[in-house]
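Taking it in order: structure first as C-alpha cells, then the write-up.
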Number of protein chains: 2
Amino acid sequence: MAESTALDEMICFQLYAASRSMTGLYRPLLDPHGLTYPQYLVLRVLWHDGSTTVRDLGRTLQLDSGTLSPLLKRLEAQGHLVRTRGADDERTVLITLTGAGQALRDEIGDLTQALLCSINLTVDELTQLNQLLLRARGTSALDESPRKVTPA
Amino acid sequence: MAESTALDEMICFQLYAASRSMTGLYRPLLDPHGLTYPQYLVLRVLWHDGSTTVRDLGRTLQLDSGTLSPLLKRLEAQGHLVRTRGADDERTVLITLTGAGQALRDEIGDLTQALLCSINLTVDELTQLNQLLLRARGTSALDESPRKVTPA
DNA sequence: CACCATTCAGTTGTGCACAACTGAATTGCG
DNA sequence: CGCAATTCAGTTGTGCACAACTGAATGGTG
C-alpha cells in the first residue's frame with residue numbers, strides 16, 4: 001500500500017502535464033490557421049456532425065456555455081460559422097459552418113501524421129491509453145450519454 | 001490503417017477531457033482551503049522539497065514564470081509562503097513556506113482515498129496509465145531533466 | 001389557463017496557460 | 001576589464017475553464 005499511496009495523485013499531475021503538452025503539439029499546426037485547440041475541437045464536431053446547438057456541443061466536448069459562448073463568438077467573427085436562434089425553440093442557438101468554415105477542413109488537412117511523429121507511443125499503446133482514459137473518466141464503452149461520436 | 005488514423009487525435013481529446021475531469025475531482029477537496037489545483041501542486045512541491053526558486057518550480061511543474069508569478073503572488077497574499085530575492089544571485093526568487101503553509105499540509109491531509117473512490121481504475125491500471133502518460137510526453141524513466149521528484 | 005420549475009445561452013468575475021516582451025543581474029569571451 | 005549574450009522573474013495581452021448568476025423561453029402541473 002505504501003508504494004501506491006501517492007500513485008493516483010501522481011497520475012493527476014501526469015494527466016495535467018500530458019494534456020498541456022499535447023495542446024502544445026497542436027499549437028504550431030493550428031496557429032497558421034488562427035485557431036486554438038478548443039476551437040479546432042469545435043470545428044471537428046461541426047465537420048463531422050454538421051449543424052448543432054450550443055447545448056449539444058457542450059455535451060460532446062464537456063464544456064459549458066460560459067466557455068463555448070465566447071469561443072463561438074470568436075469563430076463567428078473569423079467567419080467560420082454563424083449562430084442562429086432555433087426556429088422551434090427560441091432558447092437554443094444553432095451553430096452552422098459557413099463555406100469558409102467547411103473549406104478550413106481541407107486547408108488544415110490531416111494532422112494525424114504530424115502528431116504521430118511527436119508522440120513516441122505505438123498504436124497498441126495509444127489504444128490502451130485511450131481505453132484507460134475513457135474508464136478513468138467513468139465513461140465506459142456502454143455509456144448512456146446522448147452523444148454519438150468521440151469528437152477528436 | 002483506416003481504423004487507427006484518428007486514434008491519436010481522439011486521445012488528445014481524451015487527455016484534455018480527463019485532465020479537466022481530474023481537476024474537477026480535486027475542486028471540492030481544495031475549495032474549502034481556498035486552493036486551486038495548480039496552487040496545490042506548487043504546495044506539494046514545497047512540502048516535499050522545501051524552499052525552491054521560481055525557476056526550479058517551473059522545471060518541476062513544466063510552467064513558466066508567466067503562470068507562476070501571479071500564482072505565487074496569490075499564495076503569498078494568502079500567507080502560505082514568502083518570496084525573497086536570492087542572496088547570491090539577485091535574479092532568482094526563493095520561495096519558502098510560512099508556518100501556515102507548512103500547517104496546511106496536515107489540514108488538507110491525504111486526498112488519496114477520496115480520489116481513489118472517484119476514479120474507477122485498479123492500482124494496476126493506474127500504474128499502466130502513469131507509464132503510458134510518461135512515455136507519451138517523451139519523459140522516459142531515464143530522463144535527463146534536473147528535477148528529482150514527480151510532484152504530485 | 002396560471003404559475004412555478006426547468007432549460008438554454010449568455011455575462012461576469014477569477015484563475016490558470018502561454019506567447020511576447022521588459023529590465024535587471026549574471027556569465028562568458030575576447 | 002568591457003561588453004554582448006544569456007538567465008531570471010515579472011508584466012501584458014489573449015484565450016480558455018468554470019462558478020455563479022441573469023433573463024428569456026419552454027414545459028409541466030394543478
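Within residues 15-24 of chain B, no residue places a heavy atom under 4.0 Å from DNA chain C.
Regarding A/Arg27, its CZ atom lies at a distance of 10 Å from the P atom of C/dA20, rounded to whole Å. If you measure from atom CZ of B/Phe13 to atom C1' of D/dA17, you get 14 Å, rounded to the nearest angstrom. Put simply, OH on B/Tyr26 is 17 Å from C1' on C/dC16, counting in whole angstrom units. At whole-Å resolution of the value, CG in B/Leu41 and C1' in C/dC16 are 12 Å apart. To the nearest angstrom, C1' of D/dC21 lies 12 Å from CG of A/Asp64. Look at CG on B/Leu61: it is 10 Å from P on C/dA17, rounded to the nearest Å. If you take CG of B/Leu57 and P of C/dA17, they are 13 Å apart, rounded to a whole angstrom. For B/Glu90 and C/dG23, the CD to C1' distance is 14 Å, given to the nearest whole Å.
Under the rule for a side-chain hydrogen bond (donor to acceptor under 3.5 Å, both in side chains), B/Thr127 has no partner lying at least two apart in sequence or in another chain. Checked against salt bridge (Lys or Arg N to Asp or Glu O under 4.0 Å), A/Arg91 has the following partners two or more places apart in sequence or in another chain: A/Asp89. Contacts of B/Thr98 classified as side-chain hydrogen bond (donor to acceptor under 3.5 Å, both in side chains), with partners at least two apart in sequence or in another chain: none.
Sequence order on DNA chain D of the closest nucleotides to A/Ala87 and B/Asp31 puts B/Asp31 first from the 5' end.
Checked by atom type and distance alone, the side chain of B/Thr23 pairs as donor or acceptor with a backbone atom of B/Arg20 at under 3.5 Å. Remark: the backbone N or O of A/Gly109 is not paired with any side-chain donor or acceptor of A/Asp106 at under 3.5 angstrom.
Counting only heavy atoms from C-beta outward, the side chains of A/Asp31 and A/Tyr26 never approach each other to under 4.5 Å.
Closest non-hydrogen pair, B/Arg105 versus B/Trp47, comes out as NH1-O, 3.2 Å.
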Requested in this report: Heavy atoms under 4.0 Å is the rule here; annotate nucleotides 4-15 of chain C 5' to 3' with B where the base is hit, S where only the sugar-phosphate is, and - elsewhere.
Outcome: ---BSBBB---S
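A/Val42 pairs with exactly one of A/Ile95, A/Thr36, A/Leu61 by the side-chain contact (heavy atoms from CB on, under 4.5 Å) rule, that one being A/Leu61.
Residue contacts for B/Asp88: at a heavy-atom cut-off of 4.0 Å it reaches the sugar-phosphate backbone alone, with no base atom in range.
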In residues 73-80 of chain B, what donor-acceptor pairs under 3.5 Å come from side-chain atoms, sequence neighbours left out?
{"from": "B/Glu76", "atom 1": "OE1", "to": "B/Arg83", "atom 2": "NE", "distance (Å)": "3.2"}
{"from": "B/Glu76", "atom 1": "OE1", "to": "B/Arg83", "atom 2": "NH2", "distance (Å)": "3.3"}
{"from": "B/Glu76", "atom 1": "OE2", "to": "B/Arg83", "atom 2": "N", "distance (Å)": "3.2"}
{"from": "B/Gln78", "atom 1": "NE2", "to": "B/Gly34", "atom 2": "O", "distance (Å)": "3.2"}

